[in-house]
Amino acid sequence: MSDLFSVADVSAARGPLRKMDIAPGDAETPAQYTLRAGEQRIGLNAHLGASLRLVHTGAIHCVHCGRTTRKSFAQGYCYPCFKSLAQCDTCIVKPETCHYHAGTCREPTWGEQHCFQPHVVYLANSSGLKVGITRKTQLPTRWLDQGAIQALPILEVDNRLQSGLVETLFKQVVGDRTNWRAMLKGDVAPLDLPAERDRLLAALDQELAALRRRVGDQAIGTLAAAPVALHYPVLEFPSKVVSHNFDKSPEVSGRLMGLKGQYLIFDTGVINLRKFGGYEVEVAIE
Ligand SMILES: [Zn+2]
């Protein structure tokens, strides 16, 4: 906890943006947000209601190798990294297209460490019901990054490829996207996720049985987890969602009204900081 208090005292920073660190809260305490600019960190919860200004200096540093790049690819990478790193390959977004077995993984060692690990298929409520997958160690970070208000892990699989195969089945009957405008308006209705899980598992019973025959009975395990509720620090949700964009205007400022997902909610509009990974900014809080 002492770490959180020390970062909260800082009110200015300069450096390339990283996605915010979000620590889960509980029913009484909302999630704790830390803005990261280079090596510098600012605890944001303490500054809710204050004037916050971010000014993009014009420089973009690749989030992987640090070199400057005129344009950002895949939310923060330089072009050479974007074309060569396994984490930037299309199979990360579409895990069912994993091609490791063909000997064509861009970085087999990285793949073994990140993709050949237990993955979880979950239901979440970010702007309504959705299905998603993530590495087991990424929970609950993944849900917080998406601005989900509820989540429920439903299946655990041995690797990323299998998670993609399962998610593909679910996408026949449920969406996998978040409507970020709806998510930021804050009027998302709560869902009975265990009931949704039971309904979807019943609807996909035959498809899941066929997949288990293909990849092995033990590879896809049903989880009996409890639903998780996630709480965000928001003074007031916007009634109309307009977005700021450093590529169009280098200065983003206003009164900080809330934090949800990877978004800063100002009284002047919202900004998705994840989208601007690597953008060097000067941050000031008054
Ligand atoms: Zn790079």
Side-chain angles (χ1 to χ4, degrees), residues 7 10 12-22 33-42 44 53-117 119 132-139 141-142 144-147 159-161 163-164 177-178 180 243-252 261-264 270-283:
V7 291
V10 179
R14 179 186 170 129
L17 284 171
R18 290 287 181 277
K19 83 186 186 79
M20 291 184 281
D21 277 344
I22 316 174
Y33 277 73
T34 304
L35 185 138
R36 298 159 64 200
E39 296 303 306
Q40 292 166 308
R41 290 162 170 260
I42 301 179
L44 288 178
R53 189 172 76 244
L54 294 91
V55 180
H56 174 39
T57 64
I60 304 173
H61 297 268
C62 173
V63 293
H64 183 76
C65 72
R67 83 183 108 191
T68 54
T69 174
R70 281 179 52 224
K71 196 169 170 253
S72 151
F73 297 86
Q75 303 187 329
Y77 296 88
C78 68
Y79 191 71
C81 283
F82 173 63
K83 293 303 282 183
S84 62
L85 296 176
Q87 61 198 275
C88 296
D89 203 345
T90 51
C91 49
I92 292 301
V93 184
K94 294 182 170 163
E96 65 276 16
T97 62
C98 171
H99 48 93
Y100 178 93
H101 57 278
T104 52
C105 184
R106 287 177 170 185
E107 298 172 277
T109 307
W110 188 93
E112 283 149 22
Q113 286 165 359
H114 293 84
C115 302
F116 288 84
Q117 299 294 334
H119 277 61
I133 61 122
T134 192
R135 200 153 25 107
K136 198 177 176 186
T137 54
Q138 292 304 107
L139 295 178
T141 302
R142 182 86 181 130
L144 292 161
D145 283 348
Q146 293 176 338
N159 58 52
R160 192 166 180 90
L161 169 60
S163 74
R177 297 291 168 95
T178 296
W180 59 274
S243 54
H244 292 297
N245 184 335
F246 286 128
D247 292 330
K248 290 179 182 152
S249 169
E251 179 169 334
V252 172
Q262 282 289 329
Y263 282 84
L264 300 179
V270 304
I271 187 165
N272 177 4
L273 288 193
R274 175 135 212 197
K275 191 172 160 185
F276 298 103
Y279 280 57
E280 186 184 64
V281 293
E282 288 171 358
V283 185

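Along the sequence shown, the residues carry numbers beginning at 1. Just follow the structure's listing: the first ligand is 1, and inside any ligand the first atom is 1.
Using a 30° and 60° split on the angle between ring planes, His56 and Tyr279 fall in the tilted class, from 30° to 60°.
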Side chain to side chain donor-acceptor pair (under 3.5 Å), that's the test. Do His99 and Asp89 meet it? Break it down for me.
CA-CA 10 Å; His99 48 93; Asp89 203 345; 2.9 Å; yes
Does Ile42 form a side-chain contact (heavy atoms from CB on, under 4.5 Å) with Val283? I'd like the steps, not just the answer.
CA-CA 9 Å; Ile42 301 179; Val283 185; 3.8 Å; yes
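For the pair His61 (side chain) and Gly66 (backbone), a donor-acceptor distance under 3.5 Å is present. Although no hydrogens or angles enter the test, the distance criterion places a donor-acceptor pair under 3.5 Å between the side chain of Thr97 and the main chain of Lys94.
Taking the six-membered ring wherever Trp is involved, the centroid distance between the rings of Phe82 and Phe73 falls below 6.0 Å.
Inspection of the environment of the Zn ion (ligand 1) yields the following protein N, O or S atoms under 2.8 Å: Cys62 SG, Cys65 SG, Cys78 SG, Cys81 SG.
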